[in-house]
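Within every chain, numbering begins at 1; the chains are lettered A, B, ... in the order of the sequence lines, protein sequences first and strands thereafter.
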Amino acid sequence: MTETHQQTTDGATASPALALLAGLNPAQREAVEHLEGPLLIVAGPGSGKTRVITHRIAYLVRIVGVSPHRVCAVTFTNKAAKEMRERLARLLGPDLSGRLTAGTFHALCARILRRDGAAIGLSRDFVIYDTDDQQAVLKRAFEAEDVDPKRFAVGAVRAAISRAKAQLIGVEAFGNQAASPYDHVVHRVYARYQAMLVQSQAVDFDDLLYKTYLLFHDHPEVLARYQERYLHLLVDEFQDTNVVQYALARQLAGKYQNICVVGDPDQAIYSWRHADVRNILNFQRDFPAAKTVRLETNYRSTPYLLQAAQGVIVANRQRIEKALVPAKSGGVPVVVTEAYNEEEEAQWVVREVDRLRRDEGFRYSDCAVLYRVNAQSRPFEEACLRYGIPYKLVGALRFYQRKEVKDAIAYLRLALNPADEVSLARVLSVPPRGIGQKTADELVRWARSQGCSTAEAIHRVAGSLTPNAAPYNGAAERGEGKGERSVDAAGEIPVPRTARAALARFSELLREMTKAAIKLTPLEVLDLVLERVGYKEFLLKQPADGAQDGEERWDNVQELRALASESSDLPPPEGLATFLERVALVSDQDNLDEAKEGLTLITLHQAKGLEFRSVFLVGMEEGLLPHTRSMDSPEELEEERRLCYVGMTRAEERLYLVRAFRRHMAGGSSASLPSRFLRDVPVEAMTQPGALARTTPQEPRLTRRERAALAGEGRPAEPLPDKPALRPGDHVRHEKFGEGVVASFQPSGSDHEVTVAFDQNGVKRLLYSVAPLEKL
DNA sequence: CTTGAAGCTAATGCC
DNA sequence: TAGCTTCAAG
């Protein structure tokens with residue numbers, strides 16, 4: 001099959017091949033046509049990378065005649081994969097493209113482990129633990145190893161373990177090379193942590209990759225099957241792969257060497273996820289036959305924008321020189337401007353977006369606001385609501401991170417895999433059912449001593465109670481006054497009397513769920529659980545803290561139900577497993593709805609790979625970009641610079657670099673300095689400083705009521721007056737009543753009712769928003 | 001012993 | 001701002 005493509009110059013096959021290559025520049029053409037052996041594509045931003053990859057795949061399938069089944073394209077996000085599939089569907093038709101493998105390393109590995117993980121002792125129903133779950137397991141591991149979480153930060157240890165796995169360092173190897181006392185502690189925790197994962201039949205994100213690597217390493221026959229299956233391997237965003245991902249790619253391509261990697265060292269922004277740019281250098285070492293193609297023409301951005309971006313990136317020392325040759329001409333310079341604070345910044349941007357739409361033929365969806373941290377999105381949301389501009393917020397409060405969503409998912413996981421300790425611990429007391437921390441601790445301890453799961457321990461406790469207890473309605477609880485601990489064959493069960501009935505009920509719930517998991521659809525299981533535990537009632541009586549009230553939380557659960565129903569067409573056990581896997585591997589940016597009309601609000605990291613006619617890069621301040629936490633290491637600073645470069649190069653026609661003079665940090669607001677990256681934008685590439693620098697006067701802040709009204713939800717506005725909240729005891733002055741002392745300050749509808757004892761005029765109740773009160 | 005509320009502290013990025 | 005720990009009440 002590898003030779004057929006040589007015939008494309010023949011008359012019969014030439015025309016489709018030529019049609020496929022038409023419109024590509026020589027470098028792109030070469031990247032598409034060079035099908036034999038390893039290929040490294042070093043590509044700048046906007047160089048038509050995705051086009052090259054999709055055309056290459058189309059070439060393989062249509063011209064060479066490779067079965068799409070045998071092509072595996074690994075991209076960085078599910079979204080990129082989806083985009084690739086859509087492009088391929090257009091090039092190849094849905095039938096052929098539907099059979100291609102295109103996804104993230106994580107998704108690919110999950111599938112492989114689901115299928116062949118048994119070879120390394122993995123249960124088919126393994127759960128995937130996310131970062132929060134890892135943290136929960138680690139806390140327990142700390143406890144079991146008697147490590148003080150105050151002396152050793154759980155997060156830091158998690159990062160160390162994660163890094164180890166990303167670099168193919170297993171527990172044993174870690175122990176062997178542990179140098180410091182700290183390393184030895186981490187080693188102990190690492191070992192315990194892995195044991196706990198095994199117990200829970202769980203793998204974390206890093207394990208997905210690492211265990212697949214081990215599977216291939218220890219079972220050449222399994223690897224051989226996948227080598228035959230994936231004859232052609234493509235890796236996009238190669239600069240962001242880590243050691244284990246690259247190792248996997250090498251394993252898969254080990255036999256046929258048909259590997260094509262595409263990357264841009266200047267866009268490496270994931271070193272904190274252990275990405276290693278050196279993979280690009282190692283590639284040439286590991287595949288000496290590799291051909292290198294450079295794509296340096298930029299089709300995306302106008303010369304002004306490229307000049308500006310280039311000015312920023314060339315200041316990096318650790319860098320492979322690469323040109324950016326603009327294909328476009330004309331355009332307008334970069335606009336650099338300053339606002340007073342983050343609200344004005346948002347307001348200025350949103351007005352400018354509106355102006356672009358009215359005067360210059362842009363649509364809202366042509367524009368994007370890019371920022372360093374998610375917390376920056378809020379003022380922009382508010383400004384959009386105020387000006388009635390539709391917006392698309394990409395993953396600020398990630399849907400799957402919401403408490404209520406995680407709770408519901410934990411129940412589902414537990415239904416499929418009762419050994420899942422993290423999920424069990426999560427739902428044991430949600431909603432509260434009379435089982436508290438003490439009982440939970442005792443159960444876990446006892447389960448460990450018995451060598452069984454906590455769920456099993458609960459069943460045993462419940463079982464030891466049921467003989468003298470009728471179906472859990474009172475009789476049992478009253479009858480067991482004398483002994484304070486129940487006893488079974490294995491010895492003492494240390495369960496406080498108060499929790500026994502609750503445990504029996506919970507045991508019964510677990511059994512029902514397990515039964516449901518094997519014969520019902522994900523949606524049915526979910527509904528059963530929600531109904532059974534009274535989850536809706538639980539949410540609705542939750543206090544509306546901060547921005548979320550019970551209704552909204554329940555809405556989120558409804559959204560999860562909708563997602564569950566999408567996985568409900570598969571036969572029962574697989575349906576639930578598939579759903580849970582999707583939930584674990586999907587990220588919020590994957591459902592960025594391109595069809596929807598609206599301004600995009602997105603982090604710089606998430607913006608990678610996207611493009612917009614107009615980009616507003618906001619928060620161009622020291623401490624944000626570059627971020628404070630990156631400022632003490634030169635390497636991390638260079639990464640911040642690349643991040644800035646990535647942001648700037650998302651723009652096709654307009655680029656705005658915006659900063660706020662003051663910004664709220666921790667409670668208070670403080671002055672900020674302009675980002676050092678601004679200094680590196682060549683003056684010729686920007687509008688004259690000062691021309692647009694003065695911002696519009698600020699309008700009054702939106703009250704909650706206005707916000708709610710603008711959001712069109714009609715839900716009661718939450719109490720957050722623009723004046724500072726009052727507390728009992730505060731001294732105030734009223735225009736008419738004079739001075740007095742605040743007696744109480746309470747929410748009342750959308751407002752606050754404040755009761756004041758005036759020195760001269762007695763006690764008055766006032767509506768806070770309209771009362772001419774001044775705090776003294 | 002469990003629960004709910006109040007107070008405190010620390011704050012990127014994401015599969 | 002939220003997540004956590006501490007504290008007081010049932």
message = For a quick check of understanding: with a heavy-atom distance under 4.0 Å over all strands, which category does A:Leu643 fall into, base, sugar-phosphate or nothing?
response = nothing
If you only use heavy atoms from C-beta on, which nucleotide in [options] is closest to the side chain of [X]?
| X | options | result |
| --- | --- | --- |
| A:Arg629 | B:dG13, B:dC15, B:dA11 | B:dA11 |
| A:His627 | B:dG4, B:dG13, B:dT12 | B:dT12 |
| A:Arg378 | B:dT12, B:dC1, C:dT1 | C:dT1 |
| A:Ala499 | B:dT2, B:dC15, B:dG13 | B:dT2 |

Grab the [atom1]-[atom2] distance between [X] and [N] for me, whole Å please.
| X | N | atom1 | atom2 | result |
| --- | --- | --- | --- | --- |
| A:Glu237 | B:dG13 | CD | P | 19 Å |
| A:Arg553 | C:dA2 | CZ | C1' | 12 Å |
| A:Ile269 | B:dC15 | CD1 | P | 11 Å |
| A:Lys165 | B:dC15 | NZ | C1' | 14 Å |
| A:Tyr400 | B:dC14 | OH | C1' | 15 Å |
| A:Leu428 | B:dT3 | CG | C1' | 14 Å |
| A:Glu639 | B:dG13 | CD | C1' | 9 Å |
| A:Leu585 | B:dC14 | CG | C1' | 12 Å |

N or O in side chain of [X] less than 4.0 angstrom from [N] OP1/OP2:
| X | N | result |
| --- | --- | --- |
| A:Thr603 | B:dT12 | no |
| A:Asn374 | B:dC14 | yes |
| A:Thr439 | B:dT2 | yes |
| A:Ser429 | B:dT3 | yes |
| A:Gln606 | B:dC14 | yes |

inquiry  = Counting only heavy atoms not in A:Asp146 (residues, nucleotides, ligands), do more than 12 fall under 6.0 Å from its CG?
reply    = no
query = How close do A:Asn78 and A:Thr104 get, heavy atom to heavy atom, and via which atoms?
reply = N-CG2, 3.6 Å
Closest heavy-atom pair and its distance - A:Leu113, A:Leu208 = CD1-O, 3.6 Å
Here's one to test your reading of the geometry: is the NZ or CZ of [X] within 45 degrees of the ring axis of [Y] and under 6.0 Å from its centre?
| X | Y | value |
| --- | --- | --- |
| A:Arg433 | A:Phe506 | no |
| A:Arg273 | A:Tyr270 | yes |
| A:Lys406 | A:Tyr400 | no |

inquiry  = Between the base of B:dC14 and the side chain of A:Thr77, is there a donor and acceptor pair under 3.5 angstrom?
reply    = no
task = Please answer whether B:dG13 and A:Trp272 are stacked, defined here as ring centres separated by less than 5.5 Å and planes angled under 30°.
result = yes
message = Here's a test of your reading of the structure: between A:Pro432 and A:Glu640, which maps to the more 5' nucleotide of DNA chain B?
response = A:Pro432
inquiry  = Both A:Arg372 and A:Gln134 contact DNA chain B. Which one's nearest nucleotide lies toward the 5' end?
reply    = A:Arg372
